[in-house]
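Please read these numbers as outputs of a predicted model, since none were measured by experiment.
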Amino acid sequence: MMNTLVIYDSEYGNTQQIAQAIAEAFKEHGSVQLIAATEASMPSLQGVDLLVIGGPTQAHGLSPTLHTLLDKLPDQLLHGLPVASFDTRFRMAAVISGSAGRAIAHKLEREKAKLLVPAKSFFVTSREGPLEEGELENAARWVKTIMERYQVYRHQHATT
C-alpha cells in the first residue's frame, strides 16, 4: 500500500484547495497525509513512498514558511525518494512571475530526491484568488501523471 505525504503552504486558501484535490486523488492509490507547512515543523518522512510539496509563488519564489520547511527536511531521507512539486501563481511566463514549484523541485533534486514530473503550476485570477476555472480538475489529472511515472520508477528500481 502506497503512503503519500502532501505538504502545502497557503496564504489565501487557493494552494490549500489544490493540495486537498491532490490528496483526494491520491487516496485511490493508498494512504495520504495532508499537512499544512505551518504545522509541519519537522515532518517525518519515515515510511513515505511519495512526497508532494507545494505553495504559493511569492516574490518570484518560495514563501518564508516553505523555505524554512525545506531547509529542515532531513537530507538523508530525501535521497532517492520520489517527489513532485507544485505552486499557485498568476498565468504569465514563469520567468516573469517566478515559480515556487520550480524552487521546491530544485531544492529537492539538490538533496538527491527523484523528481517524477516537472513542477506544476496552478493558476489564480488575482493575488487572493480565486483559482482559475478547472484547476481542481487539473490537479486530479496531474496526480494520474505522477502515478504513471511513479509506477515506472518503482518497476525500474524493483528490477535493479
Side-chain angles (χ1 to χ4, degrees), residues 1-11 13-58 61-89 94 98-123 131 135-160:
M1 179 151 184
M2 187 172 146
N3 185 13
T4 303
L5 174 59
V6 179
I7 301 174
Y8 69 92
D9 189 26
S10 188
E11 189 170 349
N14 300 299
T15 312
Q16 180 179 0
Q17 288 180 56
I18 294 293
Q20 289 169 334
I22 289 167
E24 191 60 37
F26 271 120
K27 284 182 181 175
E28 180 181 318
H29 306 283
S31 107
V32 181
Q33 190 175 8
L34 178 65
I35 301 176
T38 54
E39 299 168 13
S41 58
M42 182 46 126
S44 171
L45 299 180
Q46 209 64 38
V48 170
D49 299 308
L50 174 64
L51 174 64
V52 180
I53 302 178
T57 299
Q58 295 179 350
L62 298 173
S63 66
T65 303
L66 270 183
H67 197 282
T68 300
L69 176 85
L70 288 169
D71 284 345
K72 289 182 181 179
L73 286 175
D75 300 349
Q76 67 278 13
L77 291 179
L78 287 172
H79 189 86
L81 180 67
V83 297
S85 65
F86 69 96
D87 63 38
T88 52
R89 63 184 181 87
S99 167
R102 287 183 185 178
I104 295 164
H106 181 70
K107 165 70 173 158
L108 293 173
E109 283 186 307
R110 250 192 356 252
E111 302 304 333
K112 306 290 190 252
K114 173 60 180 159
L115 191 66
L116 295 177
V117 295
K120 175 74 172 164
S121 291
F122 298 95
F123 299 105
L131 291 163
E135 289 299 67
L136 296 176
E137 294 79 7
N138 286 342
R141 280 193 296 276
W142 186 58
V143 167
K144 288 184 176 157
T145 303
I146 294 170
M147 285 308 301
E148 289 167 5
R149 300 281 176 84
Y150 178 80
Q151 296 304 336
V152 169
Y153 176 80
R154 299 304 306 162
H155 178 73
Q156 288 172 341
H157 285 79
T159 58
T160 56

| said: With side-chain hydrogen bond (donor to acceptor under 3.5 Å, both in side chains) as the test, pick out the partner of T88 among D9, N14, T15. | reply: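 Exactly one option meets the side-chain hydrogen bond (donor to acceptor under 3.5 Å, both in side chains) with T88, and it is T15.
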
Specify the closest pair of heavy atoms between [X] and [Y], including all atoms of both residues, with the distance to one decimal.
X    : Y    : result
A25  : A140 : CB-CA, 4.1 Å
A119 : A105 : CB-CB, 4.4 Å
A139 : A21  : CB-CB, 4.0 Å
P118 : W142 : O-NE1, 4.2 Å

| request: Assess whether side chain to side chain contact (heavy atoms under 4.5 Å, CB included) is satisfied between M2 and S31, documenting all intermediate values. | output: CA-CA 6 Å; M2 187 172 146; S31 107; over 6 Å; no

Taking the side chain as every heavy atom from C-beta outward, state whether [X] and [Y] have any pair of such atoms under 4.5 Å apart.
X    : Y    : answer
L136 : N138 : no
V32  : V6   : yes
R89  : F122 : no
L131 : I18  : yes
L73  : L108 : yes
D87  : I104 : no
F86  : I53  : no
T4   : Q33  : no

| Do other residues, nucleotides or ligands put more than 12 heavy atoms under 6.0 Å from Q76 CD? |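 Enclosed: over 12 neighbouring heavy atoms sit under 6.0 Å from CD of Q76.
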
| query | In terms of the angle between their ring planes, are H29 and F26 parallel, tilted or perpendicular, with boundaries placed at 30° and 60°? | reply |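 H29 vs F26 ring planes: perpendicular.
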
Got a second to check how far [X]'s [atom1] is from [Y]'s [atom2], nearest 0.5 Å?
X    : Y    : atom1 : atom2 : value
E135 : F123 : CD    : CZ    : 6.5 Å
L70  : K72  : CG    : NZ    : 11.5 Å
M147 : L116 : CE    : CG    : 9.5 Å
L50  : N3   : CG    : CG    : 9.5 Å
I146 : E148 : CD1   : CD    : 10.5 Å
L115 : L81  : CG    : CG    : 11.0 Å

| task | Not counting sequence neighbours, list each pair that qualifies as a salt bridge (charged side-chain N to carboxylate O under 4.0 Å, His left out) and has a residue in residues 17-26. | result |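 Non-adjacent pairs meeting salt bridge (charged side-chain N to carboxylate O under 4.0 Å, His left out): E24-K27.
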
| request: Just grab all the salt bridge (charged side-chain N to carboxylate O under 4.0 Å, His left out) pairs involving residues 101-111, residues at least two apart or on different chains. | output: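 Those involving residues 101-111 are K107-E111.
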
| message | Quick one about T57 and S99 (side-chain donor to acceptor, distance below 3.5 Å, no hydrogens or angles considered), yes or no? | response |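 The criterion, which ignores hydrogens and geometry beyond distance, is not satisfied for T57 and S99.
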
| request: Report the C-alpha distance between V83 and V52 in whole Å, list the side-chain angles of each, state the deciding distance to 0.1 Å, and finish with yes or no for side chain to side chain contact (heavy atoms under 4.5 Å, CB included). | output: CA-CA 6 Å; V83 297; V52 180; over 6 Å; no

| Hey, is the main chain of Q151 close enough, under 3.5 Å, to the side chain of H155 for a donor-acceptor pair? |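 Side chain of H155 to backbone of Q151: no pair is present.
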
